Chemist: 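Got a structure for you, written out below as structure tokens; questions coming shortly.
Quick caveat: nothing in here was measured; it's all calculated off a predicted structure. Residue numbers start from 1 in every chain, and the chains themselves are labelled A, B, ... in the order their sequence lines are given, proteins ahead of strands.
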Amino acid sequence: MSNQPLLQIQNLRTSFRIGDDYFAAVDDVSLTVNENEVVAIVGESGCGKSALAMSIMGLHPQERTKLEGKINFKGKNLLSLSTNEMNKVRGKEIGMIFQDPLTALNPLMTCGKQIEESMTVHTNMSSEAKRKRTIELLKKVGIPNPERTYKQYPHELSGGMRQRVVIAIAVACDPLLVIADEPTTALDVTIQAQIMDLLKDLQNQTKTGIILITHDLGVVAEMADRVAVMYAGEIVEIADVHTLFKNPLHPYTRSLFNSIPSSTSTKDRLHVIQGIVPSLKNLPRSGCRFKDRIKWIGDKEHEVNPLLREVSPNHYVRCTCYKNFHFSDEDVGDMNYGIS
Amino acid sequence: MAFLKVNNLKVYYPIRGGFFRRVVAHVKAVDDISFELNQGETYGLVGESGCGKTTTGRTIMGLIKATSGEVLFENQDLLKMNRRDFNQHRKDIQMIFQDPYSSLNPRKRVLDIVAEPLRNFERLSPAEEKKKVQFYLEKVGLNPEAIYNYPHEFSGGQRQRIGIARALTLKPKLIIADEPVSALDVSVQAQVLNFMQDIQKEFNLTYLFISHDLGIIQHMCDRIGIMYRGQFVEEGTSRDIYTNPQHIYTKRLISAIPDINPENRENQMKLRQEINSEYKNSYDKYFNAEGKVYNLKPISDTHLVALP
Amino acid sequence: MKAELTDQKQPKVKKQKKQHGVLSIMWREIVKDKLALGALILLGLILIIVYGVSLLLDQDKIVTVDFLSIYSPPSAEHWLGTDYGGRDILGQLIIGAKNSFTIGLCITLLTGLIGLTVGLIAGYFGGRTDNIIMRIIDFFLILPTLMLIIVFVTIAPKYNVFYFILIMSLFLWTGKARLIRSKTLAERELDYVSASKTLGTPDWKIIIREVLPNLSSIIIVNLTLNLAGNIGIESGLTYLGFGLPESTPSLGTLVSYATNPDVLENKWWIWLPASLLILVMMLCINYIGQALKRAADARQRLG
Amino acid sequence: MLKFILRRILVMIPQLFILSILIFLLAKAMPGDALTGQLASNPKMDAQTLHELKQKLGMYDPYYVQYARWIKGLLHGNLGMSIIHQTPVTSLIAGKMWNTVLLGAAVLILSYLIAIPLGIIGGRWTDTWADKMIVGYNYLTYATPLFIFALLMLFIFGFVLGWFPTSGSVDIRVENGTFAYYMSKLNHLILPALSGAIVSTTVTIQYLRNEIIDTKIKDFVKTARAKGVSESKVYTRHIFRNSLLPIAAFLGYDIVSLIGGSVFLESIYGYPGIGQLFLTSIMQRDFSVVTALVMISGLATLIGTLLSDIILSAVDPRIRIE
């Protein structure tokens, strides 16, 4: 691992315009990704994890988005690049894998042409060379008959095969960093396992950094080296995967772990996080953002301005409320019953 | 006596082809399955997309026409009933749908949504009706005052509970839950699952729980049937299936569940590779020449596997 | 970006029925759009004047030929001049507008009723019913509609206004039926329809109580836009001489005087006001229709 | 592909059959023998001769015999005789057909030339002033009935400004085949074609614009951007291509509306074509011509829709594969 991180996000704030106001979906996020490292970003829908990924790629519609902070990649700040300069980074140095292979491919273009397109944009390869490389790539992502698939349209392939094509597009130009936004969510379990194994395989070969966006802690456990947990636009905990799964600290992380049905909890009651994920407009903007959902924890346990602190080497937790956190006994109270 | 017994159920769809669009073959969405449910238990139907689990549920519910077979509910065949008799039995079987957004009519108020079955089967005065609706809303943990609100004013989990309240009003005996939580976030998922267990006890419900998520199935179900291409490959208690899977497909499915412990990562990957190579090498042992599985054979009192 | 825009807690309880209906949303959208509101007011004014004045007008007097004032240009006596028979243009304009609008409305409602019924049935039941209905509609699609209407009008015995409305409706319901069918097909796939079935609700009730309310905005928009279209088709046919019988003058009748090049070139007061009135009415109705369309499509709402 | 076309043609046959029956019944409802044009309900004819003539024409035969006779004639290209002109309907129509085809083609080409750029501009730069102008233009053209618009165009450019001829398809004074002849034809064509084209741009513009706006937010466009494809290429390679596709399928249906439109355009501009022939024939009660024209129009419409389907299946791989 070189000393210089591959990607360094500093105090990133991504705000979207709703009406006349801007609301930060990603709020003051700092994160580094090293070469050959898989960093998972976990959270529920609306926590800002996808918005973060799209911010790195610069794919948010400019007229409705405000980006603040820095995203340093290979010595340049991606946020200060012009569209043209950014286009040279996208697809060449950073590749992206999308969630739904059904919609991520152009229905009117053959798979081969779609993979070749990034080579066309970024290299001067001859069409024969591009074709050869595309077929190589298709083979690499585990497509059984690459020559045939090269000429096929997306609708002729199964979901798993399509996702392999999407991955081939992402790694076509040997990027240094791959952002995978829920790459297995839309797939069946057995296909998900295949795609996870494929991604791990590719990563072992190429030593790329991967940012893995997911809501599935199982996928994280299988793939990630380091994990950042996001809640309401903020990172609430970062640690390496073993530490986080052995010793989760932040109340939100612990709640998440407790709410997954797993072999150990058969027929037991699952933990329920009170209340619901606040919408973008209603995000609490000050204090501990998770406060409302653990009301039995006293106010004085929270910090006024919660910071992400290193509590043990490389294990960061936001807010002090984790120290005396305990789960609530009253279980039925979870129905947020009789409100307003 | 079985509470619900499904015998040799088949649901085929014709494929038309050729120049004159004649029926050239059939998609066998459900291909000759038999299973039974005991009162009060939760029976899980698992499989990957397109395996026929949803079709099975909907056929029992009468939403899809069966090609052949029997669905015996309390010893009466639902498939042979005329419309009126079937409607009477419908009261006893209700359904929870996957998508909390599309399963509630956006143009109707909560009161009208929950009262719909009451209006079909019981003649109640508006006051009685309102009282009953509020009773069930309270049961599912929603504010009983919210009856004049519209579905879009609720969150996904709350909507799912409105759907459950609607299913409960007729005091059903069997509830078919078709992927009831797969559209929800983890924490909300937990809420709905807990709650389904609560009302099961309270109303002595039997569940046919359909899901693709093996973790949830394991958490919820007493007995499990694994489906693959319209057929059962294995059936057994939760313990049978998860600790002693016999069919290669079941093994594949279970090994594909990501392990929540990162320490097991390498083992898990190795296990998957082993099973994959077993799948390739001993394919003939598990599938016949047409790629179909064999008929179920008991290997213990509770455990059935599709082996030759 | 999937920011969930739901409320944090359970929704505020409503003590009373708050206006959530399609109509109130549409009304709000129109009020928000000043141009649409203007269009609505203008159209309302035109209709009030047309229907009000036509009550006061002595229709016989207007159609009486007066050879003393043939083709007289606008004057104090005849504000918009007279035609070849010396008849007052303004009076004809008002009666014509009334007839055109009323007949357009009748055709719209009749085709709406047929299209709605057929579309709902085909879309909801699907299968063979749908297949048969769609074959029929496909057949109507290939018919040279305008020519056939003209032929029907010509060979009709005892031709009158009702006959005209029926002929028009016979050929114009298919578009609506197709639209309603495809929307019903989409609604039918949604689980709330399945839910109603599992709750024992009979099919006709599901169609009327569940599916229909979800199509109401589309229907209203379609009817509005169709109203404009039908007024156009009616006056167009009348212009060609195959529309309303002579006893029922329409705006098209006045425009049809322009088939005479002399009238077109030199006597603008005869055909131009009617043309402009058609134009203004169609613009107003269409503009309202477009605003309603925005209201129906939440993505395009102004706020 | 060939199979698809063949099956599509097979579907046309029953439609054509029902159409022919409908026209046959209509013709029977018309006075005289509208099918062959042999007989006018001439009041001067006495009952005896009328009866004999009818017998000779087979009008007392059962309907199916008459129908078969008519179809047989049709298949041999015999559309009957025009009573008024006393010439075969075929030659009467042939003389006017080319003018209508010319006008129709001009309307179509002009319409697409105007609509596609406007639709693309509106879809790509949504909510800019240019887009607002286009939307406004669309409101106007959508609301304007063809006959009013054509009349106003004729009034303004033909009479008031005098830029274009106000009637006919060619100046009768120029010699057939000369350069001046073609120029005159073009000159007569511009105004009607432009009127028809402008009014028919609406649907195309609106559809194209909406389609582009919808395609813009599709996932595969994000994929393309994530590849580093430049903004302009994203539009040309991914968005426009995919949005123009459904437009291609409109072509067939455009032919359908052209037939209706030609009746108005030709009548207003005094342009001698099929539409005008239809109107004059029906006013002169020349019913054999009328039935022939309705039949031909139905056939043209059928071929138009067939064309649409073929084009669509040719450009969309999802349809091509069955």
Side-chain angles (χ1 to χ4, degrees), chain B residues 58 61-64 83-84 86-91 93-121 141-159 163 166-167 169-170 172 176 178 185, chain C residues 2-26 124-128 131 135 183 186-220 296 298:
Chain B
R58 289 188 172 236
M61 204 59 246
L63 289 173
I64 294 176
R83 230 184 142 82
R84 182 182 294 170
F86 183 68
N87 259 337
Q88 280 311 310
H89 279 83
R90 224 170 214 174
K91 287 173 68 171
I93 311 177
Q94 286 297 315
M95 190 153 179
I96 301 172
F97 292 89
Q98 171 174 3
D99 182 0
Y101 292 88
S102 76
S103 60
L104 303 181
N105 191 339
R107 291 257 182 261
K108 284 168 73 176
R109 297 169 303 168
V110 173
L111 174 69
D112 300 316
I113 290 172
V114 179
E116 185 181 343
L118 292 174
R119 289 172 191 171
N120 288 331
F121 290 102
L142 292 170
N143 190 338
E145 301 299 314
I147 49 172
Y148 294 120
N149 292 57
Y150 284 84
H152 68 84
E153 298 168 83
F154 294 87
S155 69
Q158 290 169 338
R159 282 160 157 260
R166 171 174 65 184
T169 48
L170 291 175
I176 297 171
D178 186 6
D185 264 328
Chain C
K2 291 188 295 183
E4 234 190 299
L5 290 169
T6 44
D7 281 344
Q8 194 164 359
K9 290 173 191 124
Q10 284 196 17
K12 288 207 178 72
V13 171
K14 289 187 195 116
K15 289 282 175 276
Q16 265 158 351
K17 286 188 239 170
K18 204 182 128 190
Q19 285 301 307
H20 259 278
V22 183
L23 287 175
S24 65
I25 292 174
M26 290 185 157
Y124 181 80
F125 291 105
R128 184 173 300 216
N131 231 322
R135 288 292 83 74
K183 298 288 174 193
E187 290 294 316
R188 188 183 71 152
E189 294 307 312
L190 296 180
D191 274 340
Y192 76 87
V193 174
S194 299
S196 281
K197 284 184 191 166
T198 67
L199 300 171
T201 311
D203 286 329
W204 64 268
K205 232 181 185 173
I206 298 179
I207 293 177
I208 294 171
R209 298 254 184 92
E210 307 285 326
V211 178
L212 190 59
N214 280 292
L215 303 179
S216 55
S217 49
I218 294 162
I219 296 169
I220 294 172

Chemist: Measuring from atom NZ of C:Lys197 to atom CZ of B:Arg90, what distance do you get when rounded to the nearest 0.5 angstrom?
Modeler: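 One gets 8.5 Å once the value is rounded to the nearest 0.5 Å.
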Chemist: Please confirm whether the backbone N or O of C:Arg209 pairs with a side-chain atom of B:Arg107, one donor and one acceptor, at under 3.5 Å?
Modeler: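 Side chain of B:Arg107 to backbone of C:Arg209: no pair is present.
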Chemist: Which region of C:Ser216, side chain (C-beta onward) or backbone (N, CA, C, O), has a non-hydrogen atom less than 4.5 Å from a non-hydrogen atom of chain B, or is it both or neither?
Modeler: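 Side chain of C:Ser216 only, per the 4.5 Å heavy-atom cut-off to chain B.
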Chemist: So C:Ser194 and B:Arg58, do their side chains get closer than 4.5 Å, heavy atoms only?
Modeler: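 Of all side-chain heavy-atom pairs linking C:Ser194 with B:Arg58, at least one is under 4.5 Å.
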Chemist: Going by heavy atoms in the side chains, are B:Gln94 and C:Leu199 under 4.5 Å from each other?
Modeler: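 Yes. Closest side-chain heavy atoms under 4.5 Å.
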Chemist: Where on B:Phe86 is there a heavy atom nearer than 4.5 Å to chain C: the side chain, the backbone, both, or neither?
Modeler: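 B:Phe86 has no heavy atom closer than 4.5 Å to chain C.
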Chemist: Measure the CG-CG distance between C:Leu190 and B:Leu104 for me, rounded to the nearest 0.5 Å.
Modeler: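 It is 11.5 Å, given to the nearest 0.5 Å.
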Chemist: Could you give the distance from OG1 (C:Thr198) to CD1 (B:Ile176), rounded to the nearest 0.5 Å?
Modeler: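 It is 9.0 Å, given to the nearest 0.5 Å.
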Chemist: Specify which of B:Pro117, B:Gly163, B:Ala167 makes the most heavy-atom pairs with chain C at under 4.5 Å.
Modeler: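 So the answer, after comparing B:Pro117, B:Gly163, B:Ala167, is B:Pro117.
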Chemist: Counting only heavy atoms from other residues, nucleotides and ligands, does the tally under 6.0 Å from NZ of B:Lys108 exceed 12?
Modeler: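 Result for NZ/B:Lys108: enclosed.
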Chemist: Please name the pair of heavy atoms, one in C:Ala195 and one in B:Ser103, separated by the smallest distance, quoted to 0.1 Å.
Modeler: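 Smallest heavy-atom distance, with atoms named: CB-O, 4.2 Å.
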Chemist: Any donor and acceptor pair, going by atom type alone, linking the side chain of C:Asn214 with main-chain N or O of B:Asn105 inside 3.5 Å?
Modeler: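 No, because the side chain of C:Asn214 does not come within donor-acceptor range (under 3.5 Å) of the backbone of B:Asn105.
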